[in-house]
Amino acid sequence: MSGRVYLGIAMEYATPVNPEPGIRRAPTIDEQARALSRAAATRGGALVEGVVTARQNEGIGREVLGSLGAAGATGAYCLTVDVFRRGDLIDRALLTDVWSATGSLGFLIEDVHLEDDEAFLGWLDMVRAVNSVRTRDASDQWRSLVSGGAGA
Amino acid sequence: MTGGPYPFDEFEARGFCVVPASRPDVLDGLRSHIWSVAMRLVGVPAADADSDLNGLHRHVPGGDEATRFRLALTKAMSEGYDVGATVFNAFEGYLSRLVGTDVLSQRIPNVVFQPPGDPHPTELHRDAPANSPYEVVVWLPLVDCFGTKSMYVLDRTATADALEAYRRNPGDRSGFQSLLEERSVQMSVPYGSALLFWSALFHGSVVNREPESRISLNTRFKNLFAPLGMKDPFRYFSILHTTPLTRMGMRFQQDEA
């Protein structure tokens with residue numbers, strides 16, 4: 001049992017439509033808070049009263065670091081890694097800073113829980129690769145390459 | 001390199017190929033693991049892998065019970081055991097030639113259990129989109145699969161023709177069904193081999209009319225740096241392998257970028 005105090009980070013979806021195939025609507029912030037609270041309890045910890053919220057595609061801001069400190073949180077439990085995502089990219093620097101401030105990060109939708117540096121760094125490799133791929137895939141050069149254009 | 005050139009010519013031309021395990025010992029270990037977990041779940045002592053797995057319907061006849069068993073097996077087989085990594089190891093000679101050596105592996109492989117007569121076969125579909133068209137699907141039977149006990153695929157040409165027919169006449173269900181019946185290939189895959197197929201191929205299964213259970217795994221691999229599909233990569237995949245050079249590049253980016 002961790003006994004950790006988690007700050008919950010919820011996602012305000014851009015539309016109320018389903019975020020996942022087969023799910024009819026996006027979860028409300030209250031529903032997310034309850035789910036995060038259960039997840040924290042499953043880890044032997046507890047969620048701080050009141051979650052902070054990231055807007056979809058804008059991500060959580062750096063003020064989350066202040067919220068962690070103010071709450072005395074020793075972990076962060078996020079609905080999804082996309083709470084760190086701004087446009088195509090996950091904010092790796094902020095993710096790393098939240099890790100450094102807590103040493104415990106959970107992502108409910110991805111069913112990922114990180115509790116040691118080795119696991120975090122391994123997972124950060126995936127973040128780095130996904131960011132690189134998304135950046136490349138969104139580029140004009142890539143579109144030209146895959147469509148057999150002059151850029152190829 | 002295990003596998004030789006032939007399967008890859010076929011894979012590229014048709015979008016699928018059936019290959020024997022490049023490490024049969026690894027595959028046998030995987031099947032033994034799943035077999036023992038399955039027998040524990042049904043509460044019956046394990047006796048012989050082939051007959052126990054082919055006869056699972058004697059303990060789990062179908063319907064909701066079959067669904068519960070499948071979900072329980074999916075979860076239990078992955079507890080403390082990396083099924084995806086083991087599948088990759090068993091077929092690495094082929095898979096590394098398809099996806100390279102920086103590899104993402106589906107985090108939790110799927111189990112399909114179809115007892116004889118179960119009225120819920122897998123409907124015709126294709127994975128990409130929403131999955132990435134840069135993924136390979138490994139369909140791995142744990143028993144000999146043939147006839148209606150197996151699955152069918154439409155090869156690349158048939159898949160393209162089916163899509164074109166649907167685009168031209170979206171309401172023509174009977175025409176689409178005829179094309180499907182004429183052009184689908186019912187796979188025959190013995191235990192010890194796997195069907196590797198491209199994620200963009202139409203595939204599915206029919207009601208199992210054989211007197212034995214079908215139990216199989218399916219899982220997906222892609223290159224770490226291949227384009228993503230629409231699915232959340234963090235939810236569905238994890239890194240299986242990276243090369244030393246990739247790890248050095250990653251550290252460089254971490255330290256200097």
Side-chain angles (χ1 to χ4, degrees), chain A residues 11 13 17-23 26 56-57 78-85 88-90 92-93 95-97 99-100 105-114 117-139 141-147, chain B residues 71 74-75 78-79 82 84-85 99-110 123 125-135 200 221-257:
Chain A
M11 170 79 94
Y13 284 94
V17 187
N18 66 317
E20 283 281 320
I23 299 175
Q56 189 177 24
N57 300 321
C78 313
L79 180 75
T80 163
V81 68
D82 284 347
V83 301
F84 288 93
R85 182 171 169 181
D88 285 329
L89 301 181
I90 291 165
R92 241 178 347 106
L95 186 59
T96 303
D97 288 343
W99 171 259
S100 300
L105 261 175
F107 301 101
L108 189 62
I109 286 180
E110 290 82 8
D111 190 21
V112 166
H113 198 94
L114 306 165
D117 284 340
E118 187 182 352
F120 176 73
L121 289 173
W123 194 76
L124 203 60
D125 281 346
M126 176 96 172
V127 172
R128 189 176 290 110
V130 167
N131 275 351
S132 298
V133 168
R134 282 180 174 151
T135 302
R136 181 201 61 200
D137 291 359
S139 70
Q141 293 94 326
W142 177 256
R143 284 196 204 97
S144 176
L145 176 70
V146 296
S147 64
Chain B
L71 294 175
T74 302
K75 184 167 184 281
S78 293
E79 286 169 354
D82 194 334
V99 301
T101 45
D102 292 314
V103 182
L104 286 181
S105 171
Q106 183 176 320
R107 290 176 63 194
I108 307 289
N110 306 309
E123 289 185 8
H125 70 285
R126 56 187 197 148
D127 292 6
N131 289 53
S132 168
Y134 293 78
E135 286 173 27
F221 299 98
K222 68 187 285 288
N223 188 278
L224 175 61
F225 299 106
L228 300 164
M230 288 180 272
K231 289 188 167 179
D232 176 0
F234 297 98
R235 181 171 174 185
Y236 291 99
F237 287 98
S238 59
I239 293 176
L240 177 62
H241 287 159
T242 48
T243 65
L245 187 58
T246 294
R247 291 194 289 276
M248 290 161 68
M250 293 266 193
R251 293 289 87 77
F252 177 89
Q253 282 196 305
Q254 180 182 308
D255 297 340
E256 299 191 27

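Worth knowing before you read on, the calculation uses all heavy atoms, side chains too, and leaves out hydrogens, waters and symmetry mates. Remember, predicted model here, so these are calculated numbers, not experimental data. Lettering follows sequence order; numbering is per chain, from 1.
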**Request:** Considering non-hydrogen atoms only, spot the tightest contact between B:Phe237 and A:Met126 and give its length.
**Result:** O-CE, 3.5 Å
**Request:** Using a strict 4.0 Å threshold on nitrogen-to-oxygen distance, state whether A:Asp125 and B:Arg251 make a salt bridge.
**Result:** yes
**Request:** Could you grab the distance from atom CZ of B:Arg235 to atom CD1 of A:Ile109, nearest 0.5 Å is fine?
**Result:** 6.5 Å
**Fill in**
CZ of A:Arg128 to OG1 of B:Thr246, rounded to nearest 0.5 Å, is 12.0 Å
**Message:** So, taking the atom named CD in B:Gln253 and the one named CG in A:Leu124, what distance separates them when rounded to the nearest 0.5 Å?
**Reply:** 11.0 Å
**Request:** Determine the minimum heavy-atom distance between B:Leu224 and A:Ala129, stating which atoms define it.
**Result:** CD1-CB, 3.5 Å
**Message:** Please classify the contact of A:Ile90 with chain B as side chain, backbone, both or neither, using a heavy-atom distance under 4.5 Å.
**Reply:** side chain
**Side chains of A:Val112 and B:Phe234 in contact at under 4.5 Å (non-hydrogen atoms)** = no
**Fill in**
Residues B:Ala226 and A:Val133: closest non-hydrogen pair is O-CG1, 3.5 Å
**Message:** Between A:Arg134 and B:Pro227 (side chain of the first, backbone of the second, donor and acceptor by atom type, cut-off under 3.5 Å), is there such a pair?
**Reply:** no
**Prompt:** Within the side chain of B:Arg107, is there an N or O that forms a donor-acceptor pair under 3.5 Å with the backbone of A:Glu110?
**Reply:** yes
**Message:** Between B:Ala130 and chain A, with a heavy-atom cut-off of 4.5 Å, which part of the residue counts as in contact: side chain, backbone, both or neither?
**Reply:** neither
